[in-house]
Amino acid sequence: MSGPAGREPRRLTRWWRRRSLRTRLTVISATAIAVSVFAAFQVASELLDWELRDTAENQLRADSRVLATSAERAGLAQVQLPPHPGPGSGRLVRVILPDGSVRTPAGQPALPPVSEHAGRVAQGVSADLMESNDSDDDGYRIYTLRAGGGAVQVARTVDDSPINRFGLGMLLIGLFCVVGGALVGRTVARTGLAPIDRLTAAAVRVAHTQDFDADMPDEGGGEIRQLIQSINDMLAALRNSRRAQRLLAEDAAHELKTPLTSLRLNVELLIRLDRRGTLDSALPAESRTRLLNDLGAQVAELSTLATELTDLARGDASDESTEVLDLADVVVAAATRARSRMPDIEVTLDVTSVWVSGRPAALERAVLNLIDNAGKWSPADQPVQARLRAEGASAVLEVDDAGPGIDAADVPRVFDRFYRADSARALPGSGLGLSIVQRVVDAHGGRATVARSARGGALLRVDLPAAAPPDPFARLTAGEDTAMS
């Protein structure tokens, strides 16, 4: 269970994400300048403090040497100590006699007691000593130098006023830099994001007008240009999608018109005769049976057309996942379904186990459409043949029939939506089956072609990229040929 401390960072994060990009850039610029000024102040303060301390210590050493020279000549007890200049002077002196007593100029403020280390200098244990004494009131930097059997001391008060004045100046400069940085950051953000603003306005206009033909203006460079190019590519894809949807709707309306008209006429005829009570006399049993069969065929044709339209409209959108599968199993399953749909047509298989990566249901639908198409043209005494083999790095599926074949003029349009050759107008079908085959094959990175078979009919060939078997057992069984009929 998170407490208030855990919720605070999340609240700050949400607040930050709700800010505009301009505000973020402004805050980032101001923060960067503030951090830079603070870091510069810290470094400069340390350098200034070091320089002032070094200068003060050098001065203390020089003054101590002068006083020590006088003490050596006149003796510590008789050496003349410089009078204290009065309040405001930071220089203090003191003499440590051999017996440990001290002498100071008249009127000079008292220095801190002689430290133990300074006493050792006076006793000759060490030559000199630089030490600092910081108190609540005054702080002193004291230099002790051995002289005349004792020692002399020169001290200065530690003055932090230069550092404080420098810090105040840096603070004012820092505030000015932060405010200036925020203004500069705001200006830079506004200028830099101007192309984004115009791009946003153009995108909003496209969204409101649904006018996908208006490309975004190409301006700026680098990332801005890449963004504009990506949006223009997206608009081009939307235009193509809308165009494809319009064509699909127009083609679907055209293809649905004929079976719906026939179905409506037949139903209206039955209703009219039934209302007159002349159904039995006007339609003998044989005619009535034929009419009902026609109605059933038309309903089946509409059902097939609706299913294929749905498949085609969905495009590549599918919840089915891709997996490594044996294409031979897909071909066998499709042939089984085809036999149940066309009991009068024989389907023979000659398949080799070939592994591919794909969507099983989509591939099965494509193979079923190939076999259905061949079944429409194959004579009753001639089987539809489906062959599957590995050829190089591809899985090759061939489906042929012994029908009249495809005219050379129709070959380029065989896989077009709703295209039906003149010779196929009287046969059932929607003209979508091979278009669905083409879409599925393209989605799997393959290629679909048409040629004339050795038996004189059509030969439809599909090449798909082969894949490695999923496990060692599959590798052992890959390549085994199975003839099934």
Side-chain angles (χ1 to χ4, degrees), residues 36-175:
S36 301
V37 170
F38 177 76
F41 168 71
Q42 289 295 107
V43 173
S45 297
E46 290 296 327
L47 291 176
L48 179 61
D49 182 63
W50 178 83
E51 182 65 27
L52 292 176
R53 185 172 60 250
D54 186 63
T55 300
E57 289 178 354
N58 289 335
Q59 186 63 46
L60 287 176
R61 290 187 180 93
D63 292 345
S64 297
R65 283 195 292 270
V66 172
L67 184 58
T69 301
S70 299
E72 292 287 350
R73 287 198 301 264
L76 291 175
Q78 289 78 28
V79 65
Q80 184 177 359
L81 299 178
H84 184 66
S89 175
R91 180 173 176 274
L92 306 173
V93 297
R94 182 169 61 186
V95 172
I96 305 175
L97 300 174
D99 60 359
S101 61
V102 297
R103 290 181 59 211
T104 58
Q108 175 179 285
L111 284 170
V114 176
S115 67
E116 180 180 352
H117 298 292
R120 289 178 183 159
V121 173
Q123 296 170 5
V125 176
S126 59
D128 62 350
L129 171 69
M130 182 70 71
E131 58 184 340
S132 295
N133 177 273
D134 296 328
S135 64
D136 294 338
D137 297 326
D138 294 315
Y140 294 95
R141 185 170 288 109
I142 303 173
Y143 184 71
T144 306
L145 181 64
R146 172 77 175 167
V152 296
Q153 288 186 318
V154 180
R156 284 186 178 274
T157 57
V158 177
D159 186 8
D160 292 331
S161 57
I163 300 294
N164 295 333
R165 288 193 298 270
F166 175 76
L168 179 60
M170 287 295 294
L171 176 62
L172 296 177
I173 293 174
L175 291 176

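Given the structure is predicted, the values throughout are model-derived calculations rather than measurements.
Scanning for side-chain contact (heavy atoms from CB on, under 4.5 Å) contacts around R65 gives R61, A62, L145, with sequence neighbours left out. Every side chain to side chain donor-acceptor pair (under 3.5 Å) that Q59 has, sequence neighbours left out, goes to D63. Taking the side-chain contact (heavy atoms from CB on, under 4.5 Å) definition, one finds that E131 meets it with S115, A118, L129, I142, T144, Q153, sequence neighbours left out. For S101, the side chain to side chain donor-acceptor pair (under 3.5 Å) partners two or more places apart in sequence, or in a different chain, are D99. Not counting sequence neighbours, the partners of R120 by the salt bridge (Lys or Arg N to Asp or Glu O under 4.0 Å) test are E116. When the salt bridge (Lys or Arg N to Asp or Glu O under 4.0 Å) test is applied to R53, the partners found at least two apart in sequence or on another chain are D49. When the side-chain contact (heavy atoms from CB on, under 4.5 Å) test is applied to V66, no partner is found at least two apart in sequence or on another chain. Evaluation of the side-chain contact (heavy atoms from CB on, under 4.5 Å) rule for S45 yields F41, F166 as partners, not counting sequence neighbours.
Using a distance-only test at 3.5 Å, with no hydrogens or angles considered, no donor-acceptor pair links the side chain of D54 to the main chain of W50.
Every pair passing salt bridge (Lys or Arg N to Asp or Glu O under 4.0 Å) that includes a residue from residues 140-154 is listed here, sequence neighbours excluded: E57-R141.
Note that the CG atom of L60 and the CE atom of M130 stand 5.0 Å from one another [nearest 0.5 Å].
Taking each heavy atom of V93 and L111 in turn, the nearest pair found is O-CD1, 4.3 Å.
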Given L76 and V152, is the side chain to side chain contact (heavy atoms under 4.5 Å, CB included) satisfied, shown in steps? CA-CA 8 Å; L76 291 175; V152 296; 4.2 Å; yes
